[in-house]
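Chain naming here is simple, since letters A, B, ... match the order of the sequence lines and numbering starts at 1 in each.
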Protein chains: 2
Amino acid sequence: MPSKEVPEIVIGRLPIYLRALTYMGQAGQRITSSQELGETLGMSSAQIRKDLSHFGEFGKQGMGYEISYLRDQLRRILHLERTWPVALVGYGDLGHALANYNGFVAESFEIVAVFDNNPDKIGQEVAGKKVQDSAKLSKVVRERGIKVAIVAVPVAAAQKVVDMLVEAGVKAILNYAPIHVSVPAGIRIQYIDPIAHLQRMMFHLE
Amino acid sequence: MPSKEVPEIVIGRLPIYLRALTYMGQAGQRITSSQELGETLGMSSAQIRKDLSHFGEFGKQGMGYEISYLRDQLRRILHLERTWPVALVGYGDLGHALANYNGFVAESFEIVAVFDNNPDKIGQEVAGKKVQDSAKLSKVVRERGIKVAIVAVPVAAAQKVVDMLVEAGVKAILNYAPIHVSVPAGIRIQYIDPIAHLQRMMFHLE
DNA sequence: TAGATTGTTAATCGATTAACAATC
DNA sequence: TAGATTGTTAATCGATTAACAATC
């Protein structure tokens, strides 16, 4: 039965389950089980059943889960039945790669605005969008009601950009700048930190 | 005092501490405390002291930590006193951005070889390196003794590429392909999954 | 029905926090 | 010395796992 307080760590695994179900569905499969999902994802079946139990009962004893149904439910739970417009701030190499990435839409996101403060970059076109002056960030984000942003600016600019985004109404930020930024309560932030991932693995190497 | 079994979650935080110390040092600061570090990083001072205590005693009561000393110790613990040569597999937009990123060296990594299987890309030059045919991956990785790799290929190719890398002697893999790949015991793998990070935040949005 | 797998409970395991003696 | 902060212990908190009754 659904409970009030779902642990963040559980919510963080739902997109992983969703993706595995999508792949299975694309392969023409109709039914799966917690055991099969666990093997596919390298985790225990008990954990998958426990995680799902926070949100409802989606399977049938003896049968497992209907893939399309469970997938629909996870998309509903995660609010992925709509497409979220996203602002991208920072048009360096990384920003360029993100702006060109055409896999966002299938995952419920679409970069609708790109910002940079470098005059050489402002006005450049990427994937049908013109890079805009960061000075217009607040106005554009507010007018379009954008709630989600990706930050791909240098460390020195990250906190200021995040402050501007929050001020303009953004509620969820994906931050690629390798620094901790402060956000008010109620604003979500996630970090992408490949260097930290590489470095932690070196602990185990000679 | 150092213990034998350091939790993975603790090891994962060391690069975060290291980076904060680097920034403090660059700003000319000489001493810090667990409290200041905690405020900088949005975590408790107790956790920082507890984490560090797995590896030794690095501070002085009443004084705190000497930044350059603690930084050196963390670099030693994480095996970051050397530069690790890295193989990059996949030269799409993301691979291009990674190959051009010039921040790796300061963090103890250097991309020394880039691979792709697309004839149009093979031979292109990037940051002083030629993109090589993936068919040469095993040979090059083995000959150069490369132990670290970054995988930025499509989902359909990821498991095969990882298998090749492991076979060629790679021990640590940073995987950008949005799929779980299996590796033998003793091989480290970390995932970079921006979509999953975005999606999990949408749970909290309307 | 017989077999299989869920949803859930209770036990186990592990991580974080609070508190403080030690000590610089 | 007096004040400050570490390193560590014990308590608390939270997550994972194992087991199984329920049931498709």
(request) Check the side chains of A:Glu66 and A:Gln73 for a donor-acceptor pair under 3.5 angstrom, ignoring hydrogens and angles. (result) no
(request) Could you tell me the separation between the CD1 atom of A:Ile9 and the C1' atom of D:dT16, rounded to a whole number of Å? (result) 10 Å
(request) Give a yes or no answer on whether the side chain of A:Lys136 reaches the backbone of A:Ser134 with a donor-acceptor pair at less than 3.5 Å. (result) no
(request) List in chain and number order the residues that pass salt bridge (charged side-chain N to carboxylate O under 4.0 Å, His left out) with A:Asp93, two or more places apart in sequence or in another chain; answer none if no residue qualifies. (result) none
(request) Would you indicate whether the side-chain heavy atoms of A:Leu18 and A:Tyr23 approach each other to under 4.5 Å? (result) no
(request) Inspect the surroundings of CZ in B:Arg142 and state if more than 12 heavy atoms from other residues, nucleotides or ligands are less than 6.0 Å away. (result) yes
(request) Rounded to the nearest angstrom, tell me the gap between atom CD in B:Glu57 and atom P in D:dT5. (result) 18 Å
(message) Any carboxylate oxygen within less than 4.0 angstrom of a Lys/Arg side-chain nitrogen, looking at A:Arg188 and A:Glu8?
(response) yes
(message) Before you tell me yes or no, could you show the steps for B:Gln47 and B:Asp51 under side-chain hydrogen bond (donor to acceptor under 3.5 Å, both in side chains), namely the whole-Å CA-CA distance, both residues' side-chain angles and the distance that decides it to 0.1 Å?
(response) CA-CA 6 Å; B:Gln47 180 162 79; B:Asp51 284 356; 5.2 Å; no
(message) As an exercise, state the distance from NZ of A:Lys129 to CZ of A:Phe115, rounded to the nearest 0.5 Å.
(response) 12.0 Å
(request) Could you list by number each residue of residues 31-50 of chain A showing a heavy-atom separation from DNA chain C of less than 4.0 Å, or answer none if no residue does? (result) A:Ser33, A:Ser34, A:Arg49, A:Lys50
(request) Flag the pair A:Val162 / A:Ile187 as yes when at least one side-chain heavy-atom distance between them is below 4.5 Å, and no otherwise. (result) no
(request) May I have all residue pairs that pass side-chain hydrogen bond (donor to acceptor under 3.5 Å, both in side chains) and include part of residues 166-179 of chain B, sequence neighbours excluded? (result) none
(request) Could you tell me the separation between the CG atom of A:Leu52 and the P atom of D:dT16, rounded to a whole number of Å? (result) 13 Å
(request) Find the distance A:His54:NE2 to C:dT6:P and express it as a whole number of Å. (result) 17 Å
(message) Quick check on contacts: within residues 60-80 of chain A, what sits under 4.0 Å from DNA chain C by heavy-atom distance?
(response) A:Lys60, A:Gln61, A:Gly62, A:Met63, A:Gly64, A:Tyr65
(request) Please step through side chain to side chain contact (heavy atoms under 4.5 Å, CB included) for the pair A:His79 and A:Ser108, ending with a clear verdict. (result) CA-CA 9 Å; A:His79 304 138; A:Ser108 304; over 6 Å; no
(message) Give the dot-bracket line for DNA chain C from 5' end to 3' end: parentheses for intra-strand Watson-Crick or G-U pairs under 3.5 Å, square brackets for crossings, | for inter-strand pairing, dots for unpaired.
(response) ..||||||||||||||||||||||
(message) Run A:Leu37 and A:Tyr17 through side chain to side chain contact (heavy atoms under 4.5 Å, CB included) and show every step you take.
(response) CA-CA 8 Å; A:Leu37 269 172; A:Tyr17 301 156; 5.5 Å; no
(request) Using distance alone, with no hydrogens and no angle criterion, decide if B:Arg49 and B:Ser45 have a side-chain donor and acceptor under 3.5 Å apart. (result) yes
(message) Using a strict heavy-atom distance below 4.0 Å, which residues from residues 12-30 of chain B are in contact with DNA chain C?
(response) B:Arg13
